[in-house]
Every structure is written in structure tokens, then in C-alpha cells.
Amino acid sequence: MKNIEVEVRGMLPKEKVERLKTLFAKDGRLKESKKRLLIDYSSFIPGQELGDRDRDIRLRTTNGQPEIIVKLGNWGVDERREEISIKTEEGSFEELVKAFAAMNMRKGMMAIRESEVYDYKGIEFAIVTVPNHSYYFEAEKMSTEENSKQAYQEILEVCKDLGLEPFDQKGFLDYIDLLNKEANQVFDFEKYTPGYFDKFLI
């Protein structure tokens, strides 16, 4: 069963964004466009600081589809993690937030992301926009545990051919830290009221 998510990320200079979209549309296939709101609760779990994280616990809603996401494994460069996804019915995102608060997960790092996702040479490439801030790419392939190293090398080779430079571990953590300071915001359930997220999902 292919339940290991192999993923590589890197910065994407603005001047490369349209060029890459044109290439992917010509030689690949546009899968979907996404608007996503996510709350990363791991940031407030002791022992799960940026440099030491081995599990991600998140709620997210993508194009109106709420989801619980748990990823197990090291976060960052050479990322090969087991992904557990539980989708719930549309309109239930705030109920998930309330359920998490009842389980004492009351704070998280909230982020808005917009992306266009392509299939290209057997790899899923997402061109991600951090609104009013920056761009980055995600290159992902699902794999089995035994084939995950090979999948990682395949992704690196295609990125090299495209002139894309993946993050090293320090660069990745520095970028996440920058986003947390400049683009993301802390969600605190103490400030939650019904309809809290509506203004972010317009």
C-alpha cells in the first residue's frame, strides 16, 4: 500500500511562477486549483518544535472539504511520512475545531494557501501562493516504505531538470519561521465565535 508521502519543497521566485505553470500545462496536466485554510496544532505541542517535529496534527479545509490530517515522520528535507487523512462532510470544519478544543488542542498556527496542482512526469507538483508574501513549490509522490528512497531521488532529478532548488533543512526551517512571523497567525480558541473562519475563506 502506497501510504508514504515523499515530498520536496523549495522557494519559487516570482519570475519563475508563470513560466513553470506554462510548462506544466503544456507537458503535464492541471489536476486542480486549491484554496486552503489550515490550523497546525503541532506548533503548540511540547516536543514538536520546528526543528524536532516527528508528527503533524492539523485541521484543514480545501475548497470547502474539511479534513483531519495526521502525518507521522520527520518534517523538512528528505521527507517521507505516513499520512492519515480523515475527510468529513462539507460545512463541518468549525465542528472539528470545537472537537479539537474539547480535547485540549486550543491553539494552532493558522495559514491560508492557494495552489495550482499539476501531474508532471509522475510527480505531483503544486505551485503554492502565500497571499501577499511569497511562492514555493511542493513536489510529491506517494510510495511504499521500501521504495521511498527511490521516489525521493526521482523527485530530486526532475527538480534539477526544471532548475528548481529544494530547501536544505536550515533553509526550510528558516522559511517556516518567517511565514509564522509575517504571513501566518496564531489561532486561539478563546477568541473563537461562530463564523470565525468565514472572512478567511472568501
Side-chain angles (χ1 to χ4, degrees), residues 4-40 42-43 50-51 53 56 58 60-63 65 67 69 71 73-81 83 85 108-143 148-185 200-202:
I4 302 298
E5 180 188 65
V6 184
E7 189 169 11
V8 168
R9 303 179 190 84
M11 287 297 296
L12 199 52
K14 186 175 181 180
E15 61 272 14
K16 278 191 175 182
V17 171
E18 290 305 320
R19 200 157 64 233
L20 206 55
K21 287 181 181 179
T22 300
L23 173 67
F24 287 159
K26 176 177 177 290
D27 296 334
R29 177 179 67 89
L30 176 64
K31 289 179 65 177
E32 60 181 330
S33 297
K34 296 179 181 180
K35 182 162 186 180
R36 171 176 289 168
L37 181 150
L38 67 89
I39 304 174
D40 169 19
S42 301
S43 297
L50 281 182
R53 184 174 300 185
D56 253 328
R58 302 183 177 203
R60 70 189 188 194
T61 179
T62 307
N63 297 343
Q65 173 65 66
E67 194 173 7
I69 291 287
K71 297 184 181 183
N74 291 331
W75 193 41
V77 176
D78 193 5
E79 185 173 298
R80 292 175 285 212
R81 301 193 289 178
E83 179 176 320
S85 165
M109 191 62 69
M110 188 173 74
I112 306 293
R113 300 289 184 265
E114 298 171 5
S115 60
E116 292 188 2
V117 184
Y118 298 84
D119 271 335
Y120 179 77
K121 295 190 175 181
I123 298 168
E124 182 180 279
F125 275 92
I127 298 174
V128 183
T129 301
V130 181
N132 303 311
H133 191 272
S134 55
Y135 304 88
Y136 62 93
F137 72 88
E138 295 178 338
E140 176 185 317
K141 194 167 187 174
M142 296 305 294
S143 175
S148 61
K149 288 185 178 181
Q150 179 183 340
Y152 177 66
Q153 290 302 318
E154 289 172 2
I155 293 173
L156 289 182
E157 288 173 14
V158 174
C159 286
K160 184 178 180 181
D161 290 343
L162 291 169
L164 300 177
E165 186 174 341
F167 287 119
D168 60 20
Q169 188 70 5
K170 183 179 185 304
F172 173 72
L173 296 178
D174 286 349
Y175 182 55
I176 297 299
D177 187 52
L178 184 69
L179 291 179
N180 286 342
K181 290 175 180 174
E182 297 182 355
N184 304 334
Q185 60 183 279
F200 301 107
L201 295 172
I202 295 173

### Message
Under a 3.5 Å distance rule, please check whether Lys16 uses its side chain to pair with a backbone N or O of Gly163 as donor and acceptor.
### Response
yes
### Query
Backbone N or O of Lys35 within a donor-acceptor pair of the Asn63 side chain at under 3.5 Å?
yes
### Query
Does Met11 reach the side chain of Glu165, with side-chain heavy atoms less than 4.5 Å apart?
no
### Query
How about Ile69 and Leu38: do any of their side-chain heavy atoms sit closer than 4.5 Å?
no
Determine the minimum heavy-atom distance between [X] and [Y], stating which atoms define it.
{"X": "Gly108", "Y": "Ile39", "value": "CA-CG2, 3.7 Å"}
{"X": "Gly122", "Y": "Lys141", "value": "O-CE, 3.7 Å"}
{"X": "Glu83", "Y": "Arg60", "value": "OE2-NH2, 4.4 Å"}

Just verifying a value: how many Å separate [X] [atom1] and [Y] [atom2], rounded to the nearest 0.5 Å?
{"X": "Glu5", "Y": "Ser148", "atom1": "CD", "atom2": "OG", "value": "12.0 Å"}
{"X": "Met109", "Y": "Asn184", "atom1": "CE", "atom2": "CG", "value": "6.5 Å"}
{"X": "Leu12", "Y": "Arg19", "atom1": "CG", "atom2": "CZ", "value": "9.5 Å"}
{"X": "Met110", "Y": "Asp40", "atom1": "CE", "atom2": "CG", "value": "12.5 Å"}

### Message
I'd like to know whether Tyr175 forms a side chain to side chain contact (heavy atoms under 4.5 Å, CB included) with Arg9, so could you lay out the CA-CA distance, the side-chain angles of the two residues, the decisive distance to 0.1 Å, and finally the verdict.
### Response
CA-CA 11 Å; Tyr175 182 55; Arg9 303 179 190 84; over 6 Å; no
### Query
Does the pair Asp56 and Arg58 meet the rule for a salt bridge (charged side-chain N to carboxylate O under 4.0 Å, His left out), with working shown?
CA-CA 6 Å; Asp56 253 328; Arg58 302 183 177 203; 3.6 Å; yes
### Summary
Those residues at least two apart in sequence (or on a different chain) that pass side chain to side chain contact (heavy atoms under 4.5 Å, CB included) with Thr129 are Glu114, Tyr135
### Summary
Leu30 meets the side chain to side chain contact (heavy atoms under 4.5 Å, CB included) criterion, sequence neighbours left out, with Glu116, Tyr118
### Query
Step by step, would you call Val130 with Glu182 a side chain to side chain contact (heavy atoms under 4.5 Å, CB included)?
CA-CA 10 Å; Val130 181; Glu182 297 182 355; over 6 Å; no
### Task
Please determine, by modelled atom types, if Glu157 and Gln153 share a side-chain donor-acceptor pair under 3.5 angstrom.
no
### Task
Any side chain to side chain donor-acceptor pair (under 3.5 Å) involving residues 21-33? Give me the pairs, sequence neighbours left out, ordered by first then second residue.
Arg29-Asp119, Lys31-Glu124
### Query
Should Val8 and Leu164 be marked as a side chain to side chain contact (heavy atoms under 4.5 Å, CB included) after you check the CA-CA gap, both sets of side-chain angles, and the distance that decides it?
CA-CA 10 Å; Val8 168; Leu164 300 177; over 6 Å; no
### Message
Does the plane of the ring in Phe137 sit parallel, tilted or perpendicular to the ring in Phe125? Use 30° and 60° as the thresholds.
### Response
tilted
### side chain to side chain contact (heavy atoms under 4.5 Å, CB included) between Leu179 and Ser134, intermediate numbers included
CA-CA 9 Å; Leu179 291 179; Ser134 55; 4.1 Å; yes
